[in-house]
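Below is one structure; the comments refer to it alone.
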Amino acid sequence: MAIQRPKGTQDLLPGTVEQWQYLEDTIRNVCREFGYEEIRTPMFEATELFQRGVGQTTDIVKKEMYTFLDKGDRSMTLRPEMTASVCRAYVEDKLYGQPQPVKLYYIGPMFRYERPQSGRYRQFHQFGVEVLGADQPLVDAEVISLVWNLYKRLGLVGLEVHVNSVGCPTCRAEHRKRLQEFLDERQSELCSDCQERFERNPLRILDCKNPSCQTLTAGAPTTKDTLCEECSTHFEGVLALLGAAGVVYRVNPRLVRGLDYYTKTAFEVMVEEIGAQSAICGGGRYDGLVEEIGGSPAPGIGFAMGIERVLAALQVQNKLPEQKPKLFAMLIALGEKAQNKAFSLLCELRDQGIPVGIDLLGRSLKAQLKAADRQNARFALILGEAELEKNVLLIRDLTIGEQTEVSLDKSLQEINKKYQRGV
RNA sequence: GUGGGUGUGGCGAAGUGGUUAACGCACCGGGUUGUGGUUCCGGCAUUCGUGGGUUCAAGCCCCAUCACCCACCCCA
(Lines give C-alpha, C1' and ligand atoms only; values in the text may rest on other atoms or scores of the structure.)
Protein backbone atom coordinates (compact mmCIF):
# COMPACT_ATOMS: atom_id res chain seq x y z
CA MET A 1 0.00 0.00 0.00
CA ALA A 2 1.09 3.52 -0.78
CA ILE A 3 2.47 5.62 2.04
CA GLN A 4 -0.07 7.93 3.55
CA ARG A 5 0.29 11.12 5.50
CA PRO A 6 0.24 10.73 9.26
CA LYS A 7 -3.16 10.67 10.90
CA GLY A 8 -4.48 14.09 11.75
CA THR A 9 -2.24 15.97 9.31
CA GLN A 10 -3.15 17.53 6.03
CA ASP A 11 -1.68 18.49 2.69
CA LEU A 12 -2.62 22.03 1.77
CA LEU A 13 -2.98 22.11 -1.98
CA PRO A 14 -3.06 25.02 -4.41
CA GLY A 15 -6.46 26.60 -4.07
CA THR A 16 -6.44 26.09 -0.33
CA VAL A 17 -3.06 27.63 0.28
CA GLU A 18 -4.33 30.91 -1.15
CA GLN A 19 -6.99 30.94 1.57
CA TRP A 20 -4.35 30.46 4.24
CA GLN A 21 -2.28 33.23 2.73
CA TYR A 22 -5.27 35.54 2.74
CA LEU A 23 -5.88 34.86 6.42
CA GLU A 24 -2.22 35.17 7.30
CA ASP A 25 -1.93 38.44 5.41
CA THR A 26 -4.93 39.86 7.24
CA ILE A 27 -3.49 38.74 10.55
CA ARG A 28 -0.12 40.34 9.83
CA ASN A 29 -1.74 43.59 8.82
CA VAL A 30 -3.79 43.81 12.00
CA CYS A 31 -0.77 42.94 14.12
CA ARG A 32 1.32 45.58 12.45
CA GLU A 33 -1.35 48.17 13.05
CA PHE A 34 -1.52 47.21 16.71
CA GLY A 35 2.25 47.37 17.06
CA TYR A 36 2.99 43.68 17.44
CA GLU A 37 6.12 42.06 16.03
CA GLU A 38 6.54 38.50 14.86
CA ILE A 39 8.54 35.94 16.79
CA ARG A 40 9.57 32.49 15.55
CA THR A 41 10.79 29.85 17.94
CA PRO A 42 11.81 26.20 17.48
CA MET A 43 9.14 23.67 16.65
CA PHE A 44 10.49 21.44 19.40
CA GLU A 45 11.70 22.26 22.86
CA ALA A 46 12.99 20.53 25.96
CA THR A 47 10.08 18.50 27.31
CA GLU A 48 10.49 20.12 30.68
CA LEU A 49 9.49 23.51 29.31
CA PHE A 50 5.96 22.30 28.64
CA GLN A 51 5.77 20.22 31.78
CA ARG A 52 6.50 23.30 33.83
CA GLY A 53 4.75 25.82 31.65
CA VAL A 54 1.55 24.11 30.62
CA GLY A 55 1.30 22.04 33.80
CA GLN A 56 1.91 18.42 34.77
CA THR A 57 -1.74 17.72 35.42
CA THR A 58 -3.09 18.93 32.11
CA ASP A 59 -4.25 16.52 29.43
CA ILE A 60 -1.88 18.17 27.01
CA VAL A 61 1.16 17.18 29.04
CA LYS A 62 -0.21 13.92 30.39
CA LYS A 63 -1.30 12.32 27.16
CA GLU A 64 -1.10 14.53 24.11
CA MET A 65 2.54 15.39 23.60
CA TYR A 66 4.81 14.15 20.84
CA THR A 67 7.80 13.41 23.02
CA PHE A 68 10.99 11.67 21.92
CA LEU A 69 14.58 11.19 22.94
CA ASP A 70 17.13 12.72 20.63
CA LYS A 71 20.44 11.03 19.91
CA GLY A 72 21.94 12.68 22.95
CA ASP A 73 19.23 11.15 25.13
CA ARG A 74 17.59 14.49 25.77
CA SER A 75 13.82 14.45 26.05
CA MET A 76 12.36 16.68 23.37
CA THR A 77 8.77 17.57 22.59
CA LEU A 78 7.08 18.93 19.49
CA ARG A 79 5.47 22.10 20.77
CA PRO A 80 1.80 21.64 21.69
CA GLU A 81 1.33 25.38 22.12
CA MET A 82 3.57 28.39 21.97
CA THR A 83 3.11 30.52 25.08
CA ALA A 84 5.71 28.55 27.00
CA SER A 85 8.22 28.97 24.16
CA VAL A 86 7.65 32.70 23.94
CA CYS A 87 8.17 33.06 27.69
CA ARG A 88 11.31 30.96 27.42
CA ALA A 89 12.58 33.27 24.69
CA TYR A 90 11.66 36.30 26.80
CA VAL A 91 13.95 35.01 29.50
CA GLU A 92 16.65 33.38 27.39
CA ASP A 93 16.98 36.17 24.84
CA LYS A 94 16.66 38.81 27.53
CA LEU A 95 13.68 40.53 26.00
CA TYR A 96 12.96 41.94 29.44
CA GLY A 97 15.89 44.27 28.73
CA GLN A 98 14.06 45.86 25.82
CA PRO A 99 11.49 48.62 26.16
CA GLN A 100 8.50 47.13 27.97
CA PRO A 101 6.05 45.74 27.30
CA VAL A 102 7.18 43.33 24.62
CA LYS A 103 4.37 42.77 22.14
CA LEU A 104 4.77 39.65 20.04
CA TYR A 105 2.77 37.48 17.68
CA TYR A 106 3.33 34.16 15.96
CA ILE A 107 1.79 31.93 13.34
CA GLY A 108 2.84 28.32 13.09
CA PRO A 109 2.20 24.62 13.50
CA MET A 110 1.52 22.97 16.85
CA PHE A 111 1.34 19.26 17.61
CA ARG A 112 -0.96 17.31 19.89
CA TYR A 113 -1.57 13.58 19.83
CA GLU A 114 -5.36 13.52 19.92
CA ARG A 115 -8.09 11.68 18.12
CA PRO A 116 -8.79 13.82 15.07
CA GLN A 117 -12.26 15.12 14.39
CA SER A 118 -13.89 18.12 12.80
CA GLY A 119 -11.75 21.14 13.66
CA ARG A 120 -9.15 19.05 15.45
CA TYR A 121 -5.88 17.87 14.01
CA ARG A 122 -2.64 16.43 15.28
CA GLN A 123 -0.68 19.06 13.43
CA PHE A 124 -2.70 22.24 13.58
CA HIS A 125 -1.83 25.88 13.26
CA GLN A 126 -2.18 28.74 15.63
CA PHE A 127 -1.94 32.45 15.40
CA GLY A 128 -1.24 33.93 18.78
CA VAL A 129 -0.25 37.10 20.54
CA GLU A 130 1.71 37.53 23.77
CA VAL A 131 2.40 40.70 25.74
CA LEU A 132 5.09 40.39 28.37
CA GLY A 133 5.96 42.92 31.03
CA ALA A 134 2.69 44.75 31.57
CA ASP A 135 -0.08 44.04 34.05
CA GLN A 136 -2.53 46.87 33.44
CA PRO A 137 -6.15 46.05 32.54
CA LEU A 138 -5.57 48.13 29.44
CA VAL A 139 -3.27 45.43 28.07
CA ASP A 140 -5.94 42.78 28.51
CA ALA A 141 -8.41 45.02 26.72
CA GLU A 142 -6.01 45.74 23.88
CA VAL A 143 -5.35 42.07 23.30
CA ILE A 144 -9.04 41.20 23.25
CA SER A 145 -9.82 44.13 21.01
CA LEU A 146 -7.16 42.93 18.59
CA VAL A 147 -9.05 39.66 18.28
CA TRP A 148 -12.30 41.55 17.89
CA ASN A 149 -10.80 43.77 15.25
CA LEU A 150 -9.41 40.86 13.26
CA TYR A 151 -12.75 39.04 13.17
CA LYS A 152 -14.50 42.20 12.17
CA ARG A 153 -12.08 42.71 9.34
CA LEU A 154 -12.52 39.13 8.18
CA GLY A 155 -16.26 39.65 8.12
CA LEU A 156 -17.12 36.94 10.61
CA VAL A 157 -20.47 37.31 12.31
CA GLY A 158 -22.36 35.62 15.14
CA LEU A 159 -19.29 35.21 17.33
CA GLU A 160 -19.58 34.91 21.07
CA VAL A 161 -16.87 36.46 23.18
CA HIS A 162 -16.83 35.04 26.68
CA VAL A 163 -14.82 36.76 29.38
CA ASN A 164 -14.07 35.78 32.94
CA SER A 165 -11.50 36.17 35.65
CA VAL A 166 -10.03 33.05 37.17
CA GLY A 167 -8.19 35.07 39.79
CA CYS A 168 -4.70 34.86 41.17
CA PRO A 169 -3.36 31.66 42.76
CA THR A 170 -4.74 32.77 46.12
CA CYS A 171 -8.32 33.32 45.05
CA ARG A 172 -8.18 30.34 42.79
CA ALA A 173 -7.27 28.09 45.68
CA GLU A 174 -10.08 29.62 47.68
CA HIS A 175 -12.51 29.03 44.85
CA ARG A 176 -11.40 25.47 44.46
CA LYS A 177 -11.86 24.80 48.16
CA ARG A 178 -15.33 26.30 48.29
CA LEU A 179 -16.38 24.50 45.17
CA GLN A 180 -15.28 21.16 46.53
CA GLU A 181 -17.15 21.85 49.77
CA PHE A 182 -20.25 22.70 47.80
CA LEU A 183 -20.09 19.58 45.67
CA ASP A 184 -18.93 17.23 48.38
CA GLU A 185 -22.27 15.65 49.29
CA ARG A 186 -23.46 15.52 45.67
CA GLN A 187 -20.30 14.03 44.33
CA SER A 188 -21.96 10.70 43.59
CA GLU A 189 -24.56 12.37 41.39
CA LEU A 190 -21.98 13.88 39.05
CA CYS A 191 -21.23 12.26 35.72
CA SER A 192 -18.27 9.92 35.68
CA ASP A 193 -16.03 12.47 33.99
CA CYS A 194 -16.85 15.05 36.62
CA GLN A 195 -16.22 12.64 39.45
CA GLU A 196 -12.71 12.36 38.15
CA ARG A 197 -12.46 16.10 37.76
CA PHE A 198 -13.49 16.57 41.39
CA GLU A 199 -9.98 16.04 42.68
CA ARG A 200 -7.90 16.92 39.70
CA ASN A 201 -9.55 20.07 38.41
CA PRO A 202 -12.89 20.82 40.08
CA LEU A 203 -13.22 24.16 38.30
CA ARG A 204 -13.83 22.28 35.07
CA ILE A 205 -17.01 20.76 36.49
CA LEU A 206 -18.59 24.19 36.07
CA ASP A 207 -17.90 23.83 32.38
CA CYS A 208 -19.37 20.33 31.93
CA LYS A 209 -21.75 19.89 29.03
CA ASN A 210 -23.76 17.25 30.82
CA PRO A 211 -27.18 18.79 31.69
CA SER A 212 -27.45 17.01 35.01
CA CYS A 213 -24.07 18.34 36.11
CA GLN A 214 -25.17 21.78 35.06
CA THR A 215 -28.24 21.69 37.27
CA LEU A 216 -26.21 20.26 40.13
CA THR A 217 -23.78 23.14 39.94
CA ALA A 218 -26.44 25.78 39.45
CA GLY A 219 -25.85 27.49 42.77
CA ALA A 220 -22.18 26.66 43.05
CA PRO A 221 -19.73 29.38 44.03
CA THR A 222 -18.28 30.95 40.89
CA THR A 223 -15.02 32.70 40.33
CA LYS A 224 -16.86 35.97 40.79
CA ASP A 225 -17.74 35.16 44.40
CA THR A 226 -14.19 34.36 45.34
CA LEU A 227 -12.06 36.98 43.62
CA CYS A 228 -9.79 38.95 45.91
CA GLU A 229 -9.85 42.74 45.95
CA GLU A 230 -7.02 43.16 43.47
CA CYS A 231 -8.30 40.62 40.95
CA SER A 232 -11.78 41.98 41.18
CA THR A 233 -10.66 45.54 40.53
CA HIS A 234 -8.54 44.38 37.62
CA PHE A 235 -11.48 42.51 36.12
CA GLU A 236 -13.83 45.48 36.45
CA GLY A 237 -11.21 47.61 34.74
CA VAL A 238 -10.94 45.21 31.82
CA LEU A 239 -14.70 45.06 31.35
CA ALA A 240 -15.03 48.83 31.35
CA LEU A 241 -12.33 49.13 28.70
CA LEU A 242 -13.90 46.43 26.55
CA GLY A 243 -17.12 48.39 26.66
CA ALA A 244 -15.25 51.49 25.60
CA ALA A 245 -13.71 49.59 22.69
CA GLY A 246 -17.13 48.48 21.50
CA VAL A 247 -16.38 44.81 22.03
CA VAL A 248 -19.56 42.82 22.46
CA TYR A 249 -18.80 40.30 25.18
CA ARG A 250 -20.52 38.17 27.75
CA VAL A 251 -19.21 37.62 31.24
CA ASN A 252 -19.22 33.88 31.76
CA PRO A 253 -18.39 33.07 35.38
CA ARG A 254 -18.09 29.41 34.47
CA LEU A 255 -15.42 29.89 31.88
CA VAL A 256 -12.33 28.02 32.97
CA ARG A 257 -9.29 27.53 30.85
CA GLY A 258 -7.57 24.18 30.69
CA LEU A 259 -3.97 25.22 30.96
CA ASP A 260 -2.50 25.68 34.41
CA TYR A 261 -0.78 28.98 33.83
CA TYR A 262 -3.81 31.23 33.54
CA THR A 263 -4.49 33.96 36.10
CA LYS A 264 -7.02 36.78 36.24
CA THR A 265 -8.49 37.48 32.81
CA ALA A 266 -9.55 34.49 30.72
CA PHE A 267 -11.48 34.68 27.48
CA GLU A 268 -12.73 32.55 24.64
CA VAL A 269 -14.38 33.18 21.30
CA MET A 270 -16.90 30.70 19.95
CA VAL A 271 -18.64 30.10 16.63
CA GLU A 272 -21.46 27.61 16.57
CA GLU A 273 -21.49 26.62 12.91
CA ILE A 274 -18.16 24.83 12.76
CA GLY A 275 -19.02 21.72 14.78
CA ALA A 276 -18.29 20.53 18.28
CA GLN A 277 -14.88 22.19 18.40
CA SER A 278 -16.35 25.65 18.39
CA ALA A 279 -13.67 27.56 20.28
CA ILE A 280 -11.97 29.62 17.66
CA CYS A 281 -9.74 31.53 20.04
CA GLY A 282 -8.78 31.22 23.68
CA GLY A 283 -6.47 33.05 25.97
CA GLY A 284 -5.86 34.94 29.14
CA ARG A 285 -3.39 36.39 31.57
CA TYR A 286 -0.52 34.33 32.98
CA ASP A 287 1.28 36.44 35.52
CA GLY A 288 3.19 33.57 37.06
CA LEU A 289 4.43 31.77 33.99
CA VAL A 290 7.71 33.57 33.35
CA GLU A 291 8.78 32.94 36.92
CA GLU A 292 7.60 29.35 36.71
CA ILE A 293 9.99 28.61 33.88
CA GLY A 294 12.90 30.22 35.68
CA GLY A 295 12.89 33.92 34.84
CA SER A 296 12.45 36.81 37.17
CA PRO A 297 8.75 37.51 37.61
CA ALA A 298 7.01 39.25 34.73
CA PRO A 299 3.32 39.53 33.94
CA GLY A 300 1.98 38.29 30.63
CA ILE A 301 -1.19 37.92 28.63
CA GLY A 302 -1.99 36.37 25.30
CA PHE A 303 -4.21 34.14 23.26
CA ALA A 304 -4.05 31.46 20.61
CA MET A 305 -6.34 31.18 17.65
CA GLY A 306 -6.90 28.03 15.60
CA ILE A 307 -6.18 28.83 11.97
CA GLU A 308 -8.06 25.78 10.69
CA ARG A 309 -11.10 26.71 12.75
CA VAL A 310 -11.11 30.32 11.65
CA LEU A 311 -10.89 29.13 8.06
CA ALA A 312 -13.77 26.74 8.68
CA ALA A 313 -15.84 29.63 10.00
CA LEU A 314 -14.90 31.79 7.02
CA GLN A 315 -15.88 28.90 4.78
CA VAL A 316 -19.35 28.33 6.25
CA GLN A 317 -20.02 32.04 6.38
CA ASN A 318 -18.86 32.40 2.80
CA LYS A 319 -16.36 35.08 3.65
CA LEU A 320 -13.36 33.78 1.75
CA PRO A 321 -12.41 35.93 -1.22
CA GLU A 322 -12.75 34.40 -4.66
CA GLN A 323 -9.41 34.04 -6.29
CA LYS A 324 -8.75 32.77 -9.71
CA PRO A 325 -5.13 33.02 -10.67
CA LYS A 326 -5.01 34.80 -13.95
CA LEU A 327 -2.25 34.47 -16.45
CA PHE A 328 -1.71 37.49 -18.62
CA ALA A 329 -0.66 35.58 -21.69
CA MET A 330 0.17 32.14 -22.98
CA LEU A 331 2.98 31.85 -25.47
CA ILE A 332 2.24 29.33 -28.16
CA ALA A 333 5.12 28.01 -30.19
CA LEU A 334 4.92 25.63 -33.12
CA GLY A 335 7.97 23.78 -34.24
CA GLU A 336 11.44 23.63 -32.81
CA LYS A 337 12.84 26.79 -34.35
CA ALA A 338 9.87 28.81 -33.22
CA GLN A 339 10.18 27.32 -29.79
CA ASN A 340 13.69 28.63 -29.37
CA LYS A 341 12.68 32.11 -30.35
CA ALA A 342 9.52 31.89 -28.27
CA PHE A 343 11.46 30.82 -25.24
CA SER A 344 13.76 33.77 -25.43
CA LEU A 345 10.75 36.05 -25.78
CA LEU A 346 9.17 34.32 -22.82
CA CYS A 347 12.21 35.02 -20.70
CA GLU A 348 12.23 38.66 -21.72
CA LEU A 349 8.57 39.02 -20.83
CA ARG A 350 9.16 37.44 -17.47
CA ASP A 351 12.10 39.75 -16.89
CA GLN A 352 9.62 42.57 -17.16
CA GLY A 353 7.46 40.95 -14.53
CA ILE A 354 4.66 39.93 -16.87
CA PRO A 355 3.03 36.60 -15.98
CA VAL A 356 3.33 34.51 -19.11
CA GLY A 357 3.12 30.77 -19.60
CA ILE A 358 4.24 28.37 -22.29
CA ASP A 359 3.15 24.87 -23.21
CA LEU A 360 5.44 22.29 -21.67
CA LEU A 361 3.97 19.21 -23.30
CA GLY A 362 4.69 19.78 -26.99
CA ARG A 363 1.01 19.91 -27.80
CA SER A 364 -0.81 20.93 -30.94
CA LEU A 365 -1.91 24.48 -31.59
CA LYS A 366 -5.45 23.52 -30.80
CA ALA A 367 -4.55 21.90 -27.54
CA GLN A 368 -2.36 24.83 -26.57
CA LEU A 369 -5.13 27.31 -27.20
CA LYS A 370 -7.48 25.20 -25.18
CA ALA A 371 -4.99 25.15 -22.34
CA ALA A 372 -4.53 28.91 -22.57
CA ASP A 373 -8.24 29.34 -22.29
CA ARG A 374 -8.45 27.03 -19.34
CA GLN A 375 -5.80 28.99 -17.52
CA ASN A 376 -7.76 32.15 -17.92
CA ALA A 377 -5.11 33.76 -20.06
CA ARG A 378 -6.02 37.09 -21.59
CA PHE A 379 -3.85 36.75 -24.67
CA ALA A 380 -2.37 33.98 -26.76
CA LEU A 381 0.94 34.87 -28.37
CA ILE A 382 1.34 32.65 -31.38
CA LEU A 383 4.64 32.02 -33.06
CA GLY A 384 4.88 29.36 -35.76
CA GLU A 385 7.17 28.70 -38.68
CA ALA A 386 5.19 31.06 -40.90
CA GLU A 387 5.43 33.91 -38.40
CA LEU A 388 9.08 33.26 -37.88
CA GLU A 389 9.72 33.66 -41.60
CA LYS A 390 7.75 36.88 -41.71
CA ASN A 391 9.40 37.96 -38.46
CA VAL A 392 6.05 38.60 -36.77
CA LEU A 393 4.07 37.50 -33.75
CA LEU A 394 0.33 36.91 -33.59
CA ILE A 395 -1.34 38.46 -30.57
CA ARG A 396 -4.74 36.93 -30.04
CA ASP A 397 -7.13 38.45 -27.56
CA LEU A 398 -8.88 35.44 -26.08
CA THR A 399 -11.74 37.38 -24.59
CA ILE A 400 -12.97 38.77 -27.90
CA GLY A 401 -11.28 36.41 -30.31
CA GLU A 402 -9.48 38.98 -32.40
CA GLN A 403 -5.87 38.75 -33.36
CA THR A 404 -3.30 41.17 -34.69
CA GLU A 405 0.07 40.74 -36.26
CA VAL A 406 3.01 42.55 -34.70
CA SER A 407 6.58 42.67 -35.83
CA LEU A 408 8.76 40.51 -33.60
CA ASP A 409 11.10 43.39 -32.86
CA LYS A 410 8.28 45.44 -31.47
CA SER A 411 6.40 42.61 -29.81
CA LEU A 412 7.98 42.96 -26.40
CA GLN A 413 7.14 46.63 -26.28
CA GLU A 414 3.64 46.01 -27.61
CA ILE A 415 2.81 43.36 -25.04
CA ASN A 416 4.24 45.42 -22.25
CA LYS A 417 2.00 48.29 -23.29
CA LYS A 418 -1.06 46.08 -23.15
CA TYR A 419 0.00 44.72 -19.80
CA GLN A 420 0.55 48.15 -18.27
CA ARG A 421 -2.81 49.30 -19.55
CA GLY A 422 -4.53 46.22 -18.23
CA VAL A 423 -3.09 46.39 -14.73
C1' G B 1 -8.77 6.08 25.49
C1' U B 2 -14.50 5.22 24.37
C1' G B 3 -18.68 5.19 20.94
C1' G B 4 -21.18 5.74 16.01
C1' G B 5 -20.73 6.09 10.58
C1' U B 6 -18.32 5.40 5.83
C1' G B 7 -14.75 3.17 2.19
C1' U B 8 -16.68 1.73 -6.03
C1' G B 9 -11.77 5.44 -11.60
C1' G B 10 -8.90 12.33 -10.21
C1' C B 11 -13.89 14.03 -7.99
C1' G B 12 -19.31 13.13 -7.26
C1' A B 13 -22.21 8.81 -7.56
C1' A B 14 -25.53 4.11 -9.32
C1' G B 15 -25.20 -0.93 -8.41
C1' U B 16 -27.61 -5.31 -2.01
C1' G B 17 -25.34 -12.82 -5.04
C1' G B 18 -25.36 -14.32 -11.37
C1' U B 19 -21.98 -13.62 -16.84
C1' U B 20 -18.67 -7.42 -20.50
C1' A B 21 -19.02 -2.61 -13.11
C1' A B 22 -24.40 2.78 -14.97
C1' C B 23 -24.12 7.98 -15.25
C1' G B 24 -22.29 13.11 -14.36
C1' C B 25 -17.92 16.26 -13.82
C1' A B 26 -12.80 16.51 -14.68
C1' C B 27 -8.87 14.87 -17.81
C1' C B 28 -6.79 13.31 -22.79
C1' G B 29 -7.45 12.93 -28.16
C1' G B 30 -10.13 13.88 -32.72
C1' G B 31 -14.00 16.43 -36.26
C1' U B 32 -8.89 16.43 -42.97
C1' U B 33 -2.88 19.54 -43.42
C1' G B 34 -1.86 25.89 -37.89
C1' U B 35 -6.71 28.78 -34.09
C1' G B 36 -9.59 28.14 -27.84
C1' G B 37 -13.99 28.81 -24.77
C1' U B 38 -20.15 26.03 -27.41
C1' U B 39 -21.27 21.42 -29.87
C1' C B 40 -20.33 16.39 -31.81
C1' C B 41 -17.38 11.77 -31.65
C1' G B 42 -13.96 8.76 -29.13
C1' G B 43 -10.63 7.35 -24.91
C1' C B 44 -10.21 6.89 -19.59
C1' A B 45 -11.73 1.04 -13.04
C1' U B 46 -8.80 -6.85 -15.88
C1' U B 47 -11.81 -4.00 -10.82
C1' C B 48 -15.02 -2.22 -6.21
C1' G B 49 -9.67 0.17 0.93
C1' U B 50 -6.74 -4.53 2.25
C1' G B 51 -6.50 -9.83 3.70
C1' G B 52 -9.12 -14.16 4.52
C1' G B 53 -13.83 -17.04 4.45
C1' U B 54 -18.95 -18.78 2.69
C1' U B 55 -20.87 -20.08 -2.34
C1' C B 56 -21.25 -23.36 -8.62
C1' A B 57 -21.01 -17.81 -8.52
C1' A B 58 -19.52 -11.75 -4.29
C1' G B 59 -18.64 -4.83 -5.23
C1' C B 60 -22.93 -6.87 -2.98
C1' C B 61 -23.05 -12.18 2.75
C1' C B 62 -19.40 -13.32 7.12
C1' C B 63 -14.70 -12.39 9.86
C1' A B 64 -10.41 -9.60 10.43
C1' U B 65 -7.58 -5.41 9.33
C1' C B 66 -6.46 -0.50 7.68
C1' A B 67 -7.95 4.36 6.47
C1' C B 68 -11.16 8.44 6.70
C1' C B 69 -15.36 11.09 8.96
C1' C B 70 -18.31 12.46 13.29
C1' A B 71 -19.13 12.61 18.58
C1' C B 72 -17.38 11.95 23.79
C1' C B 73 -13.01 13.61 26.20
C1' C B 74 -9.81 17.74 25.64
C1' C B 75 -8.80 22.17 23.37
C1' A B 76 -7.23 26.29 19.18
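Source: prediction; values computed, not measured. A, B, ... follow the sequence lines: proteins, then strands. Residue 1 opens every chain.
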Go through F328(A) and F379(A) one step at a time and tell me if the ring-ring contact (aromatic ring centres under 6.0 Å, His included) criterion holds.
-> CA-CA 6 Å; F328(A) 183 69; F379(A) 295 99; 5.4 Å; yes
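- Taking atom P on both nucleotides, C70(B) is separated from G36(B) by 45 Å, rounded to a whole Å.
- Rounded to whole Å, the P atom of G49(B) lies 8 Å from the corresponding atom of G7(B).
- Checking G401(A) against E81(A), the closest nucleotide of RNA chain B that is more toward the 5' end is the one next to G401(A).
- Taking atom P on both nucleotides, G9(B) is separated from G3(B) by 30 Å, rounded to a whole Å.
- For the C1' atom pair drawn from A76(B) and U2(B), the interatomic distance equals 23 Å after rounding to whole Å.
- Taking only side-chain nitrogens and oxygens, R363(A) comes nearer than 4.0 Å to OP1 or OP2 of C28(B).
- Within the 6.0 Å centre-distance limit, the rings of Y261(A) and Y286(A) are counted as a close aromatic pair.
- The L365(A) side chain lies nearest to U35(B) when the options are A76(B), C68(B), U35(B).
- When only modelled atom types and interatomic distance are considered, H234(A) and D140(A) share a side-chain donor-acceptor pair under 3.5 Å.
- Using a 4.0 Å cut-off, no side-chain N or O of R115(A) falls inside it from OP1 or OP2 of G3(B).
- Going from the P atom of G51(B) to that of G15(B) covers 25 Å, rounded to whole Å.
- Distances were taken from every side-chain heavy atom of K370(A) (C-beta onward) to each of A76(B), C73(B), G37(B); the shortest belongs to G37(B).
- Salt-bridge check for R153(A) with E33(A): passed, with a basic side-chain N closer than 4.0 Å to an acidic carboxylate O.
- Note on R79(A): every side-chain N or O is 4.0 Å or more away from OP1 and OP2 of A76(B).
- The phosphate of A67(B) has neither OP1 nor OP2 within less than 4.0 Å of any side-chain N or O from R5(A).
- With Y113(A) as the aromatic partner, R115(A) does not meet the cation-pi criteria of under 6.0 angstrom to the ring centre and within 45 degrees of the ring axis.
- Of the candidate nucleotides G36(B), G34(B), C27(B), G36(B) has the atom nearest to the side chain of L369(A).
- Nucleotides C11(B) and C68(B) place their C1' atoms 16 Å apart, quoted to the nearest Å.
- Of the candidate nucleotides A71(B), A76(B), U35(B), U35(B) has the atom lying nearest to any side-chain atom of R396(A).
- For the OP1/OP2 pair of G1(B) and a distance below 4.0 Å, the side-chain nitrogens and oxygens of K63(A) include no atom meeting the criterion.
- Close to C72(B), at under 4.0 Å from its OP1 or OP2, lies a side-chain N or O of Q117(A).
- For R197(A) against C74(B), no side-chain N or O and base N or O form a donor-acceptor pair under 3.5 Å.
- Of the two residues near RNA chain B, E64(A) and I382(A), the one whose nearest nucleotide lies more 5' is I382(A).
- Checked against G30(B), C75(B), A67(B), the side chain of A279(A) finds its nearest nucleotide in C75(B).
- For U20(B), there is no paired nucleotide, since no Watson-Crick or G-U wobble pair has both relevant distances below 3.5 Å.
- In terms of polar N and O atoms assigned as donor or acceptor, the side chain of R120(A) comes within less than 3.5 Å of the base of C74(B) in a complementary pairing.
- Of all heavy-atom pairs between H125(A) and E308(A), the closest is ND1-OE2, 2.8 Å.
- Remark: the Q368(A) side chain and the U35(B) base include no donor-acceptor N/O pair separated by less than 3.5 Å.
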